[in-house]
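It should be emphasised that the depicted structure is a prediction, and the values quoted were computed from it without experimental measurement. Every chain is numbered from 1, with letters handed out A, B, ... down the list of sequences.
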Amino acid sequence: MIAEIIVDVSAYPIDRPFDYLVPEALESVIEAGARVKVPFGPRKVLGYVTGLKQESALNPKKLKPIHELIDLEPVISGELLDLSRWLANHTLSYEIDALQVMLPAALRAKYEKFIVVTEPEQLLDADFIHFLAGRKRVPLKEVDSSSLMKTVKKYVGQGIIAVDTKVGQHTAVKKIRMIRIASHEKLQEVLSAIQSNAKKQIELVQWMIRHAEETLGAKTVMEQTGIQSTVLKAIIEKGAAVEEFAEMYREPDAPMLKDVAIPEVPTTEQQVALDKLAASADSGKAETFLIHGVTGSGKTEVYLRTIKHVLDKGKEAIVLVPEISLTPQMTARFKERFGPLVAVMHSGLSAGEKYDEWRKIHRGEVSVVVGARSAVFAPFQNIGIIILDEEHESTYKQEDTPRYHARDVAIKRSEHYGCPVILGSATPSLESYARASKGVYTLLTMTKRAKNQELPAVTVVDMREELKTGNRSMFSVQLADAIRQRMERKEQSVLFLNKRGFSSFVLCRDCGTVVECPNCDISLTYHRAHERLKCHYCGHEEQVPLVCPECESEHIRFFGTGTQKAEEEIAKLFPEARVIRMDVDTTRQKGAHERLLRQFSEGKADILLGTQMIAKGLDFPNITLVGVLAADTTLHLADFRAAEKTFQLMTQVSGRAGRHDLPGEVFIQTYSPEHYAIELSKAQHYEPFYTHEMMARKQYGYPPFYFVTLIQFTHEDLLKVADFAEKGSRYLKDNLSPDTVIIGPTAAAISRVNNRYRYQCLIKYKKEPKLTETLQQLIKYYRTDWIKSGLTMSVDVEPVSIY
DNA sequence: AGCACGCCGACT
DNA sequence: GTCGGCGTGCTC
C-alpha cells in the first residue's frame with residue numbers, strides 16, 4: 001500500500017504529495033487525514049496523509065516506508081482535506097500551510113535535534129567527553145560553544161556520532177492523577193497491616209473505607225483529608241488504591257457577565273427572518289443570507305434561535321465573530337442558551353486550551369463553536385449552519401499566508417453540507433450588499449430596534465469652527481457640555497478615539513517636520529508612559545528629541561490624539577470624573593479587557609475612553625452618550641475603502657448609545673462634516689450611503705465592480721525592487737486577458753518597512769479565468785530565480801487593504 | 001526550507 | 001596539505 005503525503009516543508013518544489021510505503025502493520029489503520037512521521041532526505045519530518053493507493057508511478061526502489069503513524073483517528077476529515085486543496089489553490093499558498101491553518105497550533109510539529117553517540121569507544125576529545133558526561137543522547141541545543149560544535153561536526157563526519165531529529169507535538173493532553181480506591185475488604189486487610197504508630201496512614205485508610213471503590217482526583221483526596229502526598233503514596237504502595245491518569249480539559253474560567261433580557265416573543269421582523277432561515281436549513285440547499293439589521297435590532301437573537309432549530313435536527317453550528325467582540329459577555333450568551341454544548345475559540349486561550357476546545361469539537365462533544373476567524377475550520381462532520389456576525393469586519397481576512405477570507409471558506413463548506421450561511425451586519429460590506437442586491441445572497445432586512453428604542457440623536461460637530469473660536473482642545477464645547485450633563489445625571493459616557501494611522505506623532509511647529517522611523521517611511525508614535533517614540537511597523541524605538549532634527553528649533557513636541565492625551569484632557573476638564581481607558585496598552589494583560597469592561601458595567605466609572613476595541617458589543621443600559629473625538633482619522637487613509645470603513649465605524653459606535661430604556665445621544669467631531677460617509681452615518685442611512693459609495697467605486701473601477709488582486713514586492717535595493725516589479729507586471733500584462741487592468745508598479749503607500757523598499761501592482765478584473773494559472777507561473781519564476789537576489793513577492797487575492 | 005555534496009582560498 | 005567558505009541540487 002502506498003500513501004500520498006504532504007510533508008511539513010514550506011518550499012516551492014516540495015509543495016506536492018510524495019509517495020511512501022505503508023508498513024504492513026499500519027495498512028488496516030492508516031487513513032487519509034492522519035499525521036505521520038516520515039523520512040525526508042536525510043531528516044525526519046511530519047506529514048499529512050492525503051491519499052492512499054495500491055500502486056506508485058515511481059521506481060519502487062525510491063520509496064521509503066512511513067516511519068510512524070501519529071494519529072489513529074484522522075485529524076483532518078475528507079471534507080477538510082478537499083477544502084485545503086481548494087484553499088491552497090485559491091489563495092496561492094502551499095498546501096501544507098493550508099492544512100496547518102485548520103489545526104490548533106498544538107498539533108503542529110516541534111522539531112528537536114539530538115546527538116546520538118554510536119561509537120563511544122572512538123571518542124577522544126576530552127572536552128567533548130566531559131560535555132557528554134556519560135550520556136548517549138544529548139539535545140543538540142546544549143552545544144553552545146563553537147569549539148564543541150566543531151568537534152560535533154568532525155565526529156558526525158567520521159560516523160562516530162549521529163544527529164537525530166525528534167518530531168514532537170507542541171502541547172500534550174493534560175492529565176490529572178486519579179485514585180481508584182480498593183474494595184472494602186482489601187482496605188480492611190491493608191489497615192490491619194499498618195503499624196499502629198503510622199497515625200496518618202490509619203486515618204487515610206479509614207477515610208478510604210468510607211469511599212471504597214470510588215475514583216477520585218488525587219488532589220481532591222488530599223484536600224478533603226488534609227493528608228500529605230507522601231502518606232497517600234505509601235498507602236497506594238500497600239495496595240489500598242490504584243493510581244490512574246484521566247484526560248481532562250483545561251477549563252478557561254470566563255467571568256460571567258449578565259446577559260441582556262431575552263424578549264419572550266420575537267419581533268415581526270425577527271420572525272420573518274427566522275421562518276426563512278428555518279425553511280432554508282431544512283431544504284438541504286446551500287444558501288447564503290445577508291441579514292442587514294440596524295444596531296440593536298436583535299440579530300443575535302435570530303442567530304440563537306436558528307442555531308436551536310439546527311441543533312434540534314442533530315446538526316452543528318459555527319458562529320464566527322470578530323476577535324474584539326468575542327468578549328465574555330458575548331460568549332456567555334451562547335453558553336447560557338446552549339450550556340456545555342458550546343466550545344469557544346479565541347486568541348486569549350493558551351495553546352493547550354485551544355487544543356482542548358478543538359478536541360471537544362473533533363470528538364463531537366459539542367455542537368456549537370463560537371470563535372474568531374480560524375473557527376471556520378472547526379472539525380465538525382455535520383454542519384447545519386455557519387454564521388458570520390459583523391460580516392463587514394476586515395479581521396475575517398487573514399493577513400498572512402494562507403490569505404483566506406472566512407466568508408469564502410464558510411460558503412465553500414456550506415456547499416459541501418448543503419446548509420445556509422448567515423452574514424449579519426448593521427453596515428454590510430459593499431461586496432456583500434451588492435451580491436444580495438443581485439440575488440446571489442438572500443437579503444433579510446431588520447429596520448427596527450428590538451425594544452422599539454429610538455435610534456440615538458446624532459450631532460456632527462465641525463471642529464474647524466471650534467478652532468476659529470479659539471478652542472484648541474480635543475473636546476468641542478457641545479461634547480464637553482454633554483459629558484458634564486451625564487455626570488450630573490449619573491449616566492455613563494463612552495468616548496471613542498480612532499487611533500488608526502497618524503495618532504500621536506512628534507511635530508516641529510516651526511518647520512513642520514514629523515519624526516519618522518529610520519527603517520520605515522512612517523511617523524513614529526509617541527508613547528507617553530515611557531517618554532519614547534515607537535514604530536508600529538518594525539518596533540524601532542528612540543528617545544523623544546529635544547530639538548528638531550531638521551531646523552534645530554526647540555518647538556518640537558508631540559501632537560495628535562492618543563488615548564493617553566485624551567485622558568489627560570479629560571482630567572483637566574472634569575477633575576472629578578472616573579475614567580477607564582481601554583487601548584492596546586491597558587488591555588495587553590490576559591483578562592484585562594474583561595476586567596475593565598466589568599468595572600464599567602458595574603458603574604465604577606463615568607467615562608469609558610477607548611479605541612476600536614470598544615466600538616463593538618458594548619451593551620450597557622446606563623450608556624447615554626457616545627462621543628467620537630476625531631472621525632477624520634479613518635476618512636483620510638490611503639485606501640479605497642476609507643469612506644466605507646468610516647461609515648461602518650460611525651454607525652457601530654453610535655449604536656452603543658441608548659440601547660435600553662434611556663435615550664441616547666451621539667456627538668461626532670470632525671474636520672470634514674460635509675463628507676457623505678459622516679453625513680449619512682448620522683441617521684444610519686445605509687442605503688443612500690451604499691448608492692453613493694457604489695457610484696464612486698464604479699467610477700474608479702474598484703470592488704465590487706472589479707475584483708482586485710495585489711502583488712507586493714520588497715527588496716533592500718530600491719532600483720532592484722522597481723526592476724522586479726516592472727518585470728512582474730510586464731509578465732502579467734502579457735499573459736492576462738486584455739480587459740484586465742494592471743495598475744503599477746508603484747511604490748506602496750508605506751514605501752519602506754524595516755529597511756526594505758516596497759513596490760506593488762494591482763490587478764483589476766471582472767472575469768479572469770487564467771488568473772490563478774498565470775499567478776502560479778509568476779510565483780514559479782519568483783521562487784526559482786528572483787528569490788536568490790533577495791527579493792520577496794507576495795500575492796493577496798482580494799485584499800482588505802491595499803497599503 | 002534544510003541538508004549534503006562539492007569545488008576553490010587561507011591557515012595549522 | 002586541511003578546514004571551511006557557500007554555490008548547486010535533491011528530497012518519495
Taking NZ, NE, NH1 and NH2 as the nitrogens, is one of them in A:E541 or A:R532 under 4.0 Å from a carboxylate oxygen of the other?
yes
Which heavy-atom pair separates A:Q381 from A:E316 by the least distance, and what is that distance?
N-OE1, 3.3 Å
Taking the six-membered ring for Trp, are A:F724 and A:Y782 ring centroids under 6.0 Å apart?
no
Sequence neighbours excluded, the answer for side-chain hydrogen bond (donor to acceptor under 3.5 Å, both in side chains) partners of A:E391 is A:S429, A:S432
Applying side chain to side chain contact (heavy atoms under 4.5 Å, CB included), run through A:Y757 and A:R752 and close with a yes or a no.
CA-CA 4 Å; A:Y757 290 90; A:R752 195 169 53 130; 3.6 Å; yes
Side chain A:E353, main chain A:S350, donor-acceptor under 3.5 Å:
yes
Of A:V156 and A:R783, the one whose closest nucleotide on DNA chain B sits nearer the 5' end is A:R783
Could you pull out all residues at least two apart from A:D408 that satisfy side-chain hydrogen bond (donor to acceptor under 3.5 Å, both in side chains)?
none
Sequence neighbours excluded, which residues qualify as ring pair (Phe, Tyr, Trp, His ring centres under 6.0 Å) partners of A:F377?
A:Y404
For A:D400, enumerate each residue passing the side-chain hydrogen bond (donor to acceptor under 3.5 Å, both in side chains) test, keeping only those at least two apart in sequence or located in another chain.
A:Q398
Looking for any heavy atom pair under 4.0 Å, which part of the strands does A:L63 touch: base, sugar-phosphate only, or nothing?
sugar-phosphate
Chain A on DNA chain B: first and last contacting nucleotide, 5' to 3', under 4.0 Å to a heavy atom?
B:dA1 to B:dC3
Sorted by chain and number, sequence neighbours left out, salt bridge (Lys or Arg N to Asp or Glu O under 4.0 Å) with A:R756 holds for none
Could you tell me which residues satisfy side-chain hydrogen bond (donor to acceptor under 3.5 Å, both in side chains) with A:Q777, sequence neighbours excluded, listed by chain and number?
none
Does a side-chain N or O from A:K62 land closer than 4.0 Å to OP1 or OP2 of C:dC10, or not?
no
Is A:R16 touching bases, backbone alone, or none of the nucleic acid, heavy atoms closer than 4.0 Å?
base
For DNA chain C, which residues in residues 38-55 of chain A have a heavy atom at a distance below 4.0 Å?
A:P39, A:F40, A:G41
Nearest-angstrom distance from the residue atom NZ of A:K64 to C1' of C:dC10
10 Å
Can you give me every donor-acceptor pair (side chain of residues 409-416 of chain A, partner residue at least two apart or in another chain, under 3.5 Å) with its distance?
from: A:R413; atom 1: NE; to: A:E79; atom 2: OE2; distance (Å): 2.9
from: A:R413; atom 1: NH1; to: A:V376; atom 2: O; distance (Å): 2.7
from: A:R413; atom 1: NH1; to: A:A378; atom 2: O; distance (Å): 2.9
from: A:R413; atom 1: NH2; to: A:E79; atom 2: OE1; distance (Å): 3.0
from: A:R413; atom 1: NH2; to: A:A378; atom 2: O; distance (Å): 3.1
from: A:S414; atom 1: OG; to: A:I411; atom 2: O; distance (Å): 2.8

Between CD1 of A:I14 and C1' of C:dC12 the distance, given in whole Å, is 10 Å
Stretch residues 19-37 of chain A: residues that reach within less than 4.0 Å of DNA chain C through a heavy atom
A:D19, A:Y20
Under 3.5 Å, which N/O atoms of the protein pair with N/O atoms of nucleotides 3-9 of chain C?
none

What pairs meet the side-chain hydrogen bond (donor to acceptor under 3.5 Å, both in side chains) rule with one or both residues in residues 39-57 of chain A, with sequence neighbours excluded?
A:E4-A:K53, A:D19-A:K53, A:D19-A:S56, A:K44-A:D164, A:Y48-A:Q100
